[in-house]
S.K.: 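Pasting in a structure now, in structure tokens, and then I'll have a few things to ask.
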4 protein chains.
Amino acid sequence: MSGNTFGKLFAVTSFGESHGPAIGCVIDGCPPGMTLTEADIQIELDRRRPGTSRHVTQRREPDTVEILSGVFEGKTTGTPIALLIRNEDQRSKDYQNIAQSFRPGHADYVYLQKYGLRDHRGGGRSSARETAVRVAAGAVAKKWLAERHGVRVRGYMSQLGPKEIPFVDWDAVGTNPFFAPNADMVPELEAFMDALRKSGDSVGAKIIVIAEGVPVGWGQPVYDRLDAQIAYAMMGINAVKGVEIGSGFGAITEPGSIHGDEMTPQGFLSNHAGGVLGGISTGQDIIVNLAVKPTSSIRLPRRSIDVHGQPTIVETHGRHDPCVAIRATPIAEAMLALVLIDAALLHRAQCGDVVSPAPRIPGRVVD
Amino acid sequence: MSGNTFGKLFAVTSFGESHGPAIGCVIDGCPPGMTLTEADIQIELDRRRPGTSRHVTQRREPDTVEILSGVFEGKTTGTPIALLIRNEDQRSKDYQNIAQSFRPGHADYVYLQKYGLRDHRGGGRSSARETAVRVAAGAVAKKWLAERHGVRVRGYMSQLGPKEIPFVDWDAVGTNPFFAPNADMVPELEAFMDALRKSGDSVGAKIIVIAEGVPVGWGQPVYDRLDAQIAYAMMGINAVKGVEIGSGFGAITEPGSIHGDEMTPQGFLSNHAGGVLGGISTGQDIIVNLAVKPTSSIRLPRRSIDVHGQPTIVETHGRHDPCVAIRATPIAEAMLALVLIDAALLHRAQCGDVVSPAPRIPGRVVD
Amino acid sequence: MSGNTFGKLFAVTSFGESHGPAIGCVIDGCPPGMTLTEADIQIELDRRRPGTSRHVTQRREPDTVEILSGVFEGKTTGTPIALLIRNEDQRSKDYQNIAQSFRPGHADYVYLQKYGLRDHRGGGRSSARETAVRVAAGAVAKKWLAERHGVRVRGYMSQLGPKEIPFVDWDAVGTNPFFAPNADMVPELEAFMDALRKSGDSVGAKIIVIAEGVPVGWGQPVYDRLDAQIAYAMMGINAVKGVEIGSGFGAITEPGSIHGDEMTPQGFLSNHAGGVLGGISTGQDIIVNLAVKPTSSIRLPRRSIDVHGQPTIVETHGRHDPCVAIRATPIAEAMLALVLIDAALLHRAQCGDVVSPAPRIPGRVVD
Amino acid sequence: MSGNTFGKLFAVTSFGESHGPAIGCVIDGCPPGMTLTEADIQIELDRRRPGTSRHVTQRREPDTVEILSGVFEGKTTGTPIALLIRNEDQRSKDYQNIAQSFRPGHADYVYLQKYGLRDHRGGGRSSARETAVRVAAGAVAKKWLAERHGVRVRGYMSQLGPKEIPFVDWDAVGTNPFFAPNADMVPELEAFMDALRKSGDSVGAKIIVIAEGVPVGWGQPVYDRLDAQIAYAMMGINAVKGVEIGSGFGAITEPGSIHGDEMTPQGFLSNHAGGVLGGISTGQDIIVNLAVKPTSSIRLPRRSIDVHGQPTIVETHGRHDPCVAIRATPIAEAMLALVLIDAALLHRAQCGDVVSPAPRIPGRVVD
């Protein structure tokens with residue numbers, strides 16, 4: 001109920017502040033019998049880790065994960081899996097100024113108003129640091145989805161501020177700090193970020209996440225539709241301001257005769273739906289777009305107020321990502337994986353022995 | 001868990017199919033002592049009702065609501081409020097053809113694959129008819145929000161297919177079938193819809209919903225952020241494919257020095273955040289945009305398959321909205337109200353006696 | 001969250017007051033494809049129905065159930081099943097005196113203190129009338145458990161006030177108004193009740209409920225143990241004050257060398273555990289005992305206070321069961337069935353494809 | 001959903017195995033602004049700690065708790081509070097024999113059947129070691145209940161095997177290893193336990209827990225009644241087989257004219273209800289009795305089967321409590337506190353601004 005648990009059957013309960021002793025989570029409901037080691041999780045954490053390039057925060061966090069429970073002799077036991085990540089490189093004194101004033105666009109003000117007090121160090125609970133927990137839990141979900149259902153979840157950055165990044169190939173994504181699917185554009189993106197960093201400003205970006213191999217039938221209409229859960233998961237990522245499934249806002253100007261994906265025995269003729277109809281997966285790729293806002297902690301001076309309600313000017317120094325979206329791709333993948341595993345388990349619970357009288361068509365788009 | 005309950009503390013459990021005996025819901029958790037009559041709900045249902053203009057389905061449904069429980073001598077008692085709406089104007093035979101094939105872009109195929117059988121009459125559970133229940137429950141939420149917190153939730157259509165509808169004034173919204181905030185454009189919109197209807201095609205639209213007067217502090221980070229719950233609620237509405245909060249996708253190209261809303265003792269200098277920061281309400285207007293896809297049931301012939309997996313051509317006759325979004329405004333308002341009342345109750349549960357040490361600033365934008 | 005939904009995956013949301021227009025529920029999460037008619041439910045409702053003998057309330061309620069949704073062409077569709085039971089024989093005026101004072105041992109006082117107002121007619125929401133809803137929902141659960149897993153849930157009265165009722169045979173249970181498993185004792189029980197009724201007093205009873213055929217493995221430790229859920233379900237029945245699993249309070253004086261049920265390849269040598277170990281079903285019969293308190297609405301004068309806090313004397317006339325436990329057996333059966341179906345679905349969700357490396361032993365007790 | 005989270009608004013998610021690296025929990029939903037230190041929790045953990053007398057397991061566990069999050073500058077922040085307790089004194093090799101066979105009365109067999117594998121070391125997740133987590137979380141709940149509402153939760157052992165322990169005074173409870181409220185009986189209990197230990201057998205006990213100062217109005221009927229939640233919490237404690245509220249099973253033979261607690265402006269004339277009517281607290285003491293079964297791990301030889309389904313004899317050595325109930329009192333207190341804080345927050349959410357038109361009477365029993 002209280003907001004820090006994600007999922008119903010594969011339930012991830014997150015804890016931890018940016019500058020507290022540790023962050024972590026408890027995963028309750030993971031199916032038993034899956035091989036799982038810390039290395040399976042670490043590989044995903046390393047993709048999100050800070051300090052990996054000059055374009056992200058220079059905070060040095062190894063983000064080493066420890067499995068505290070739920071795994072015995074290398075296999076999940078069906079009991080809660082607790083994951084612990086100790087915080088190591090805190091410079092809390094950097095944040096003393098923030099303690100007395102509120103950063104425009106940041107959660108500082110609302111946390112204090114809601115709770116009556118706040119851990120101002122590095123944003124405390126509102127820090128993007130918490131997203132490491134999502135990536136760790138998502139790694140477990142990804143592994144189960146891949147092994148049990150052959151589902152693959154991956155994403156990339158499709159736009160950095162004003163710069164659209166045309167998709168070239170998936171192989172490029174892992175070879176640059178931006179998760180850009182286009183090696184040729186990387187120098188241009190680096191130059192853009194270098195200039196941005198010097199300017200003291202920040203920028204947003206667009207991320208796309210795709211799940212391949214999802215079988216038809218996942219999702220719990222009418223309220224817990226698969227796309228509704230995806231929207232909840234994505235909008236719940238720090239700094240995300242918009243979510244689209246399939247055509248998204250483009251559907252406004254698509255006539256029904258174009259938008260509705262025609263079907264043939266060999267597969268679909270298009271995928272404007274983005275893999276979800278009526279809140280249930282169609283068997284096609286699930287396609288999700290995210291809009292990520294620019295970092296609110298910037299060096300440029302902004303007008304704000306202090307804790308006494310008096311006018312002040314805020315300039316945020318300390319170590320921040322000039323574009324939080326640069327590290328958002330693995331986070332978005334993790335959240336999509338968490339939605340999918342929960343949908344898979346809920347579907348199995350209610351419809352575990354359903355046999356459809358109608359044949360399934362391939363999820364692919366027929367050329 | 002099973003997908004048909006919306007909300008945690010103000011929990012709405014929905015039931016009913018398009019052509020079954022009735023639709024309705026149970027609202028569990030409504031605070032006691034609020035005056036409530038069927039008229040309070042009927043007024044909202046009438047805004048969404050079919051058959052009110054030539055631009056929507058001609059199905060004639062009075063959508064008369066009956067309160068079955070939870071209200072005694074005109075006041076809510078704190079016990080479950082059951083709302084019942086009998087279906088009256090069904091023409092199930094219109095749907096015999098649909099029973100044997102799948103409409104492109106519709107839930108027909110996925111429902112059969114998921115459950116192994118389906119009520120094909122008018123789309124059964126996947127029909128937009130279920131949204132009447134949301135409007136009914138939302139009416140109760142709206143009343144409590146208005147009386148207890150002075151919150152006002154309202155919306156309008158900002159784009160119909162290719163036609164953008166510039167906002168002129170709120171008064172216009174209630175005077176035309178489109179919920180358009182611009183009386184001068186109504187003839188143009190009517191002509192557009194008349195041509196569309198003749199063509200046998202359908203179109204999408206963009207809806208904006210705004211909540212005014214929401215106090216600072218509502219929302220349960222990190223997963224149940226207010227904006228995450230809004231995204232879940234909106235993407236859970238039939239045919240919605242995209243959701244934005246505040247700047248939404250526009251935030252991608254806004255530098256941090258523009259996007260971050262500066263604060264003064266007199267209020268904020270802008271509202272790019274759309275009234276939510278860190279998943280918590282700021283006290284500013286909450287601004288939400290929705291993309292609604294075109295109706296999937298159209299007269300134009302489409303390629304599809306039948307229940308035996310064989311190729312077929314589908315032409316959908318019967319009574320359908322050529323633009324489902326025309327009736328979406330009251331639905332979106334209802335869903336936003338349901339998110340807000342739940343957030344209000346959750347906030348009261350955990351932070352009911354919090355007194356912030358910092359003064360609150362006005363939620364308005366300072367000119 | 002709000003207290004009127006029972007179960008997580010097979011979720012029953014109940015509504016209705018004793019003297020309102022109707023009572024009923026929505027069952028969300030019922031597996032699709034099961035044949036279900038109103039007759040399947042009516043047969044259980046008729047077992048609990050008032051007015052069936054002189055030993056229970058003379059209120060004449062046919063308790064006719066209507067299925068409003070979730071069933072198509074005689075089969076469950078996987079969508080919410082709404083059940084409606086109209087109230088017919090209300091004599092609200094009988095309760096005018098209760099409106100101004102509080103019955104000792106009744107919920108009158110606490111409802112008014114909690115909610116600030118109450119529907120005093122027949123106890124409103126706190127009336128045992130609501131239990132008809134549980135029986136209706138339980139009938140659906142019982143049918144699925146029997147057809148899918150061969151589980152049988154049944155119970156009987158083992159003690160009426162001071163009179164212990166030795167078990168003779170199951171066949172007797174359906175042949176008398178007390179659900180007594182002992183036909184020879186019925187005259188004695190009837191004489192006892194006749195005298196009690198004349199005296200204007202009331203009495204409690206002990207009920208035993210047994211589930212046969214439950215496979216090993218159901219239950220979600222550590223908090224949602226099967227026995228914990230059973231205790232929750234049973235103590236949640238009006239007037240229940242005690243719950244035992246297996247030996248129950250007898251386990252206090254049983255040494256471990258007696259209480260621990262020994263195992264052989266042919267089965268268990270005893271069943272002190274009552275079919276649950278570590279919160280998980282063992283495959284043995286699940287055995288539950290309930291203590292039901294005497295009816296609080298009695299004719300004898302009792303000291304109490306009125307709504308102004310002044311001393312008063314309360315004598316309750318109107319139509320009441322002198323022993324609410326007489327109709328408790330079908331209710332307890334229903335609640336046990338609701339716990340079991342939820343446990344079955346939760347188990348399938350998490351462990352749906354588990355194959356145990358160890359053989360299962362028969363659940364029966366070896367003689 | 002998945003069984004390891006207790007509570008809805010004050011939600012405790014537990015993790016950890018007896019012989020894994022650590023046990024602990026995440027508390028989500030704790031109200032902000034309460035002073036909290038590790039010492040506040042440690043004092044309760046020390047009451048339950050093993051190795052404190054010769055009558056309990058000799059495992060040496062300091063059970064030192066570390067607060068990982070949710071507390072800043074000595075105050076709760078409203079964000080999740082993670083508690084970590086490292087396991088220190090494991091002798092896993094003691095359990096090698098258990099790996100191949102099943103202890104009668106223990107969860108060994110059902111865990112393997114349910115999950116397909118198990119952590120056999122010390123019972124893994126089914127070990128009573130997990131109850132340390134409940135005591136830790138309960139300490140936080142107790143503190144809030146005491147500071148915010150003046151509620152006091154305490155308990156004692158009222159019977160050890162065949163030996164009833166008449167209540168003398170609360171002061172005695174903390175002065176002996178049995179939590180016996182009767183100093184004179186301690187030598188007799190010690191002699192009994194010494195003989196039992198030598199015999200290699202085990203014994204059960206009865207525990208009573210009482211909450212004083214609970215205001216009228218807590219509890220969420222009809223399913224989440226306060227007494228139903230208490231029964232769920234208590235039956236969910238390892239080895240508990242029976243739960244009573246107030247008169248419990250005694251209510252069977254109490255006529256209504258005795259059982260129903262009469263009311264006067266000065267208070268109640270009795271408390272047979274045990275502080276709960278209609279599932280809502282009355283303002284009187286909440287009185288709960290538990291039956292705890294004898295330890296299943298005993299030295300005496302028992303018939304059982306091995307993992308291959310073959311007959312075997314099990315004699316359990318290693319370090320076990322001959323009476324698990326000896327350490328059950330602080331656990332039962334913790335669970336009652338967890339139920340009460342959740343009920344308090346749920347009540348505040350729905351009825352936070354209710355003012356009853358009727359005066360409240362004192363909760364005490366009038367002499």
Side-chain angles (χ1 to χ4, degrees), chain A residues 1 3 6 8 104-105 107 110 112-114 116 126 130 162 201-202 204 206 216-217 220 222-225 227-228 231-232 235-236 241-245 248-249 251-253 255-257 259-260 262-263 265 277-278 280 291 293-296 298 300 302-305 307 309 354 356 358-359, chain B residues 1 3 6 8 104-105 107 110 112-114 116 126 130 162 201-202 204 206 216-217 220 222-225 227-228 231-232 235-236 241-245 248-249 251-253 255-257 259-260 262-263 265 277-278 280 291 293-296 298 300 302-305 307 309 354 356 358-359:
Chain A
M1 279 325 82
F6 188 92
K8 288 167 177 158
V110 294
L112 187 58
Q113 291 292 341
K114 180 181 182 67
S126 70
E130 186 275 337
D201 210 339
S202 62
K206 188 173 187 178
V216 61
Q220 299 294 112
V222 293
Y223 298 130
D224 294 346
R225 297 169 125 87
D227 40 1
Y232 159 71
M235 198 70 90
K241 301 300 289 183
V243 181
E244 295 179 310
I245 308 289
F249 283 86
I252 296 169
T253 50
S257 54
H259 181 84
E262 294 184 297
M263 304 165 76
L277 287 173
I280 297 170
K293 76 176 188 180
T295 313
S296 51
I298 58 177
L300 296 177
R302 316 296 320 283
R303 277 178 291 183
S304 187
I305 59 172
V307 294
V354 163
S356 171
Chain B
M1 285 325 87
F6 187 92
K8 289 166 176 161
V110 294
L112 187 59
Q113 292 293 340
K114 180 180 182 68
S126 70
E130 185 276 336
D201 210 340
S202 63
K206 189 174 186 177
V216 61
Q220 300 294 112
V222 293
Y223 297 129
D224 294 346
R225 291 159 187 263
D227 41 0
Y232 159 71
M235 198 70 90
K241 301 301 288 183
V243 181
E244 295 180 311
I245 308 288
F249 283 85
I252 295 169
T253 51
S257 55
H259 181 84
E262 295 184 296
M263 305 165 76
L277 287 174
I280 299 170
K293 76 176 188 180
T295 313
S296 51
I298 59 178
L300 296 177
R302 317 292 324 281
R303 279 180 289 182
S304 186
I305 59 172
V307 294
V354 163
S356 171

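Protein chains get the first letters and strands the later ones, always in sequence-line order, with residue 1 at the start of each.
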S.K.: Please identify, among A:K8, A:R303, A:H259, the residue contributing the most non-hydrogen atom pairs under 4.5 Å to chain B.
M.R.: A:R303

S.K.: Has A:Q113 got a side-chain atom pairing as donor or acceptor with B:A358's backbone, closer than 3.5 angstrom?
M.R.: yes

S.K.: Please look at B:E130 and chain A and tell me whether the side chain, the backbone, both or neither of the residue comes under 4.5 angstrom of a heavy atom of that chain.
M.R.: side chain

S.K.: Below 4.5 Å from any heavy atom of chain A, which atoms of B:V110 appear? Answer side chain, backbone, both or neither.
M.R.: both

S.K.: Relative to chain A, which of B:G116, B:A231, B:P104, B:S257 shows the most heavy atom pairs under 4.5 Å?
M.R.: B:S257

S.K.: For the atom pair CD1 (B:I252) and NZ (A:K206), what is the distance rounded to the nearest 0.5 Å?
M.R.: 5.5 Å

S.K.: Who wins among A:V222, A:T295, A:V354 for the most heavy-atom pairs under 4.5 Å with chain B?
M.R.: A:V222

S.K.: So for A:L300, is it side chain, backbone, both, or neither that comes closer than 4.5 Å to the heavy atoms of chain B?
M.R.: side chain

S.K.: How far does CD of B:E244 sit from CE of A:M235, to the nearest 0.5 angstrom?
M.R.: 8.0 Å

S.K.: I'd like to check the side chain to side chain contact (heavy atoms under 4.5 Å, CB included) partners of A:S296; sequence neighbours left out, ordered by chain and number.
M.R.: A:H106

S.K.: At a heavy-atom distance under 4.5 Å, which candidate from A:G105, A:A228, A:G204 has the highest pair count against chain B?
M.R.: A:A228

S.K.: Could you tell me which of B:P265, B:P162, B:A107 has the largest number of non-hydrogen atom pairs under 4.5 Å with chain A?
M.R.: B:P265

S.K.: So, for A:Y223 and B:Y232, is the gap between ring centers shorter than 6.0 Å?
M.R.: no

S.K.: To the nearest 0.5 Å, what is the distance between CD1 on B:I245 and NZ on A:K293?
M.R.: 12.0 Å

S.K.: For chain A, which of B:I280, B:L112, B:D227 has the most heavy-atom pairs under 4.5 Å?
M.R.: B:I280

S.K.: Where does B:R225 contact chain A at under 4.5 Å (heavy atoms): side chain, backbone, both or neither?
M.R.: side chain

S.K.: Select one option (side chain, backbone, both, neither) describing which atoms of B:I298 are under 4.5 Å from chain A's heavy atoms.
M.R.: side chain

S.K.: Please classify the contact between B:D201 and chain A as side chain, backbone, both or neither, with a heavy-atom cut-off of under 4.5 Å.
M.R.: side chain

S.K.: Tell me which of these, A:G309, A:P294, A:G248, A:S304, has more heavy-atom pairs under 4.5 Å with chain B than the rest.
M.R.: A:P294

S.K.: For the interface with chain B, which of A:S126, A:G278, A:A251 has the highest count of heavy-atom pairs at distances below 4.5 Å?
M.R.: A:A251

